[in-house]
Structure formats: structure tokens, C-alpha cells
Amino acid sequence: MNKIVVEHLKYRYPLTEKLALDDLSFEVEAGQFIGLVGQNLAGKSTLCQALTGLVPHFYHGGYGGKVIVDGLEVGKSDINDIIQKVGIVFQNPFTQVTGSKLTVYEEIAFGLENMGVPRKEMIERIDHALDLLDIEPYKDRAPFDLSGGQMQRMAIAGIIAMRPQIIVLDEPTSQLDPQGSEEVFRAIQSLSRQGMTVIMAEHKMEKVAQYSDRILLLHEGRLIDDDKPEKVFSRDDLAAYGVAAPVYTQVCKALQAKPAAEPSYPATLDKAYEALAGDAS
Ligand SMILES: Nc1ncnc2c1ncn2[C@@H]1O[C@H](COP(=O)(O)OP(=O)(O)OP(=O)(O)O)[C@@H](O)[C@H]1O
Ligand SMILES: [Mg+2]
């Protein structure tokens, strides 16, 4: 069975008229990396919240259709069961820190303590998460003494320690400098390589194109396209949805450089290089 099944999902925030999510249907296989793109207010964050149960358990309002994560129907399940299946990482690492823990280690332990994980297993899980996110050297530091990239990796470690099989990231690097962003993207890529199912809302299209197996293009709450990055980013009407293709796609399109057998332009540096080098020879 697919890891995520979304069927005719509709959602309207309380006291609003417009649907923030308008009849979305899609499925995600285990281990896939899905990029969520769309202009501001397209519905990316709302979809992230619907995949993790914040919609409708925290944000009420009008809800219809179904979201099923790892066999669990989100709308009808207890939030404590949902967080063991799917974790969420938000834009701003500062808002995800408890503020009550003295060290990075204790901060990562927080979710596990709430879940009642036995001490020995807790230590194993924390050590593994510290290692995976490459933050072991900072484990005794105060959480607020970390750089933005380190802090966001600590937030991800806290989620990973809870062992969800799906992780949803809502623009995880939008508040970070280029170095911090790179650290976080590398960490996410390594989680994906370990078989985790990843859903990432992101405005940095070069990164989305590089990592994603599939792109979901949202506009005004509707799903406009669901396809491979090179297909979605080669659309002639992309600008109408407020999305700019990766620079590699833009350059290749301007130069009409694409592999002879392909209907679409490259979306990553490697593929663009191949297409352009092939063109030159
Ligand atoms: N807490 C809220 N209460 C009411 N309406 C909301 C709330 N959050 C979002 N919306 C509305 O839901 C729609 C989708 O917004 P959402 O924040 O999901 O978009 P987004 O794609 O994440 O945008 P951005 O790129 O700016 O983060 C918008 O019309 C927005 O005004
Ligand atoms: Mg958003």
C-alpha cells in the first residue's frame, strides 16, 4: 500500500470563504521524495498541516475527503498516533525549540520522554539522530547557542528520534543563510537515501529539482500538476502559477537544448551540462 493516499481533500480555514485546499488527490510511494511548489498562498503549508494532522485537529474549519498516512486516516485518528507515523519541520527553527531544555541532547529527548520511550532505547535513538544529522559535536550546547542551520538540524533530529517513516518539511531553509541551508538540505537528502518518505515545500527550485522524484504544483489550493521535475518545470505556463523554473531549465529552454529523446528540458545542473555538451559536440 502507498505511504500516503490523499483523496478529494478539501479544507477551508475557520471564518473564511475560500477553500485553502480544493479537491486534492494524489498518492506517494514509500521512500519517494516529493517537492511541493507554488506561489505564496498556493496552499503548500496548509497541505503540510493536513498531512500531519494539524489540519483538522488543531486548525478546525471545513474538512472533506481523506488523508491516509501509513494506513492511518488522519482526520479520524488521535494526533498522538499520527505523530508516530509522520513528523513535521517548520520554517523557523526558533519556534520549534521548547525553550525549557538546557542542552541539545535534552531537547532531542523531549519528544521521546512524552512518548514514554524506555531510557535505554531513548539513548540509542538520540545517538542515532545526532549522528544522522551530524550534530553530535554540539550535543552539550545550549539550544539557542546554535547557528540557524544547526538549530534546524536539531529540530529535525528531534523528529527523527521519534522514528516516523514520513517527514514533512515546510520551507525548512527559508530562514537560513546559504551555509545553513546547504547543511540542512544535505541532512534531508541523507534521510531520503535511508528510505524515508519526504515531502518538502520549497521555493528554491534548483534544490527541489535536484532532490525530488516528483513535483506537486499547487495554485490557489488546486493541484495543477504532479509529474517529474523536468516535466513540471518545462511547462510553458509555469509563470502563470507564479513559479520560476530552475535556472538550468531556463538556460536550456532559451538555447533549445534538450536530449533528442526527451520531451522536456533538463532541471538539474548535471542534466543541463549533458544537454549543452551534447549540443556543442
Ligand atoms: N491560519 C490561517 N487562517 C486563515 N487562512 C489561512 C491561514 N493560513 C493560511 N490561510 C489561507 O490559506 C491559503 C493557503 O495558504 P498557505 O499558507 O497554505 O500557502 P503557502 O503556499 O504555504 O504560501 P507561502 O509560500 O506564502 O508559505 C491562503 O489563501 C491563506 O490566506
Ligand atoms: Mg507556506
Side-chain angles (χ1 to χ4, degrees), residues 4 6-26 28 33-67 69 74-75 79 82 86-96 148 151-152 155-156 159 166-177 180-181 184-185 188 198-212 214-227 229 232-233 235 237-246:
I4 301 176
V6 175
E7 284 177 5
H8 300 293
L9 173 65
K10 289 186 182 183
Y11 176 67
R12 195 172 35 73
Y13 283 96
L15 309 175
T16 61
E17 302 263 301
K18 209 168 156 286
L19 285 170
L21 301 176
D22 189 353
D23 203 13
L24 303 185
S25 297
F26 62 91
V28 179
F33 196 124
I34 306 291
L36 283 185
V37 308
Q39 69 182 11
N40 293 126
L41 309 183
K44 303 179 297 295
S45 296
T46 310
L47 178 56
C48 290
Q49 284 156 1
L51 293 172
T52 52
L54 292 171
V55 164
H57 296 290
F58 180 76
Y59 294 101
H60 303 296
Y63 184 88
K66 267 188 203 168
V67 174
V69 291
V74 164
I79 196 87
I82 302 168
V86 47
I88 185 164
V89 176
F90 299 98
Q91 293 183 289
N92 188 342
F94 279 91
T95 61
Q96 297 171 82
M151 203 182 282
Q152 191 62 303
I156 299 173
I159 303 286
I166 305 164
I167 190 162
V168 175
L169 305 120
D170 187 4
E171 292 187 53
T173 68
S174 65
Q175 313 279 321
L176 306 181
D177 61 20
S181 300
V184 169
F185 280 126
I188 298 167
V198 181
I199 315 284
M200 183 173 79
E202 186 55 66
H203 283 290
K204 294 173 182 136
M205 297 305 161
E206 285 74 22
K207 293 295 179 192
V208 188
Q210 184 185 345
Y211 297 136
S212 303
R214 263 163 63 202
I215 301 285
L216 303 188
L217 170 63
L218 293 179
H219 186 66
E220 297 186 349
R222 284 175 299 114
L223 184 57
I224 303 298
D225 206 350
D226 171 358
D227 213 327
V232 174
F233 290 129
R235 288 178 69 112
D237 60 355
L238 203 56
Y241 302 112
V243 172

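Ligands are counted one by one from 1 in listed order, and the atoms in each one are counted from 1 as well.
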Worksheet, complete the sentence: re atom 17 (O) of ligand 1, the protein heavy-atom contact at minimum distance is Ser45 CB, 3.9 Å
Discussion item. If I take every N, O or S atom of Ser45, is at least one of them less than 2.8 Å from the Mg ion (ligand 2)?
Written reply: yes
Worksheet item: Atoms of ligand 1 less than 4.0 Å from Ala42 heavy atoms?
Response: 19 (O), 20 (P), 21 (O)
Worksheet item: So which heavy atom in the protein is nearest atom 23 (O) of ligand 1, and how far is it from that ligand atom?
Response: Leu41 N, 2.7 Å
Worksheet item: Is the shortest heavy-atom distance from the side chain of Glu202 to the side chain of Lys44 under 4.5 Å?
Response: no
Discussion item. Contact between ligand 1 and Gln49 is defined here as a heavy atom of the residue under 4.0 Å from a ligand atom; is it met?
Written reply: no
Worksheet item: According to the interplanar angle, ranging from 0 to 90°, do the rings of Tyr211 and Phe185 count as parallel (below 30°), tilted (30 to 60°) or perpendicular (above 60°)?
Response: tilted
Practice prompt. Check the pair Val89, Met200 against side-chain contact (heavy atoms from CB on, under 4.5 Å), reporting the backbone distance first and the verdict last.
Written response: CA-CA 9 Å; Val89 176; Met200 183 173 79; over 6 Å; no
Worksheet item: side-chain contact (heavy atoms from CB on, under 4.5 Å) between Leu217 and Arg235: does it pass, once the steps are laid out?
Response: CA-CA 11 Å; Leu217 170 63; Arg235 288 178 69 112; 4.3 Å; yes
Practice prompt. Go through ligand 1 atom by atom and flag the ones less than 4.0 Å from a non-hydrogen atom of His203.
Written response: 25 (O)
Practice prompt. Do me a favour and list the nearest non-hydrogen protein atom to atom 9 (C) of ligand 1 with residue, atom name and distance?
Written response: Tyr13 CE1, 3.4 Å
Discussion item. Among all protein heavy atoms in this structure, tell me which lies nearest to atom 25 (O) of ligand 1, with the distance rounded to 0.1 Å.
Written reply: Lys44 NZ, 2.7 Å
Practice prompt. Check each atom of ligand 1 against the heavy atoms of Ala20 and keep those under 4.0 Å away; list them by number with element.
Written response: 12 (O), 13 (C)
Worksheet item: Going by distance alone, is a donor N or O of one side chain under 3.5 Å from an acceptor N or O of the other, for Thr46 and Tyr13?
Response: yes
Discussion item. So that I can tick it off, tell me whether Asp226 and Arg214 are bridged by a salt bridge, with the cut-off set at under 4.0 angstrom between side-chain N and carboxylate O.
Written reply: yes
Worksheet entry | Nearest non-hydrogen partners of Pro172 and Ala201, listed with the distance | CD-O, 3.9 Å
Worksheet entry | Min heavy-atom dist Glu220 to ligand 1 below 4.0 Å | no
Worksheet item: Looking only at heavy atoms of Gly38, does any of them come nearer than 4.0 Å to an atom of ligand 1?
Response: no
Worksheet item: Do the side chains of Leu218 and Leu24 get nearer than 4.5 Å, heavy atoms only?
Response: yes
Worksheet entry | Taking atom 18 (O) of ligand 1 as the reference point, the nearest protein heavy atom with its distance | Thr46 OG1, 2.5 Å
Worksheet item: Can Glu171 be said to touch ligand 1, with heavy atoms closer than 4.0 Å?
Response: yes
Practice prompt. Could you go through the side-chain contact (heavy atoms from CB on, under 4.5 Å) check for Ile188 and Ile167 one step at a time?
Written response: CA-CA 9 Å; Ile188 298 167; Ile167 190 162; 5.9 Å; no
Worksheet item: side-chain contact (heavy atoms from CB on, under 4.5 Å) between Ser181 and Lys204: does it pass, once the steps are laid out?
Response: CA-CA 10 Å; Ser181 300; Lys204 294 173 182 136; 3.5 Å; yes
Worksheet item: So which protein heavy atom does atom 26 (O) of ligand 1 come closest to, and at what separation?
Response: Asn40 ND2, 2.9 Å
Fill in: For Gln39, atoms of ligand 1 separated by under 4.0 Å from a heavy atom
21 (O)
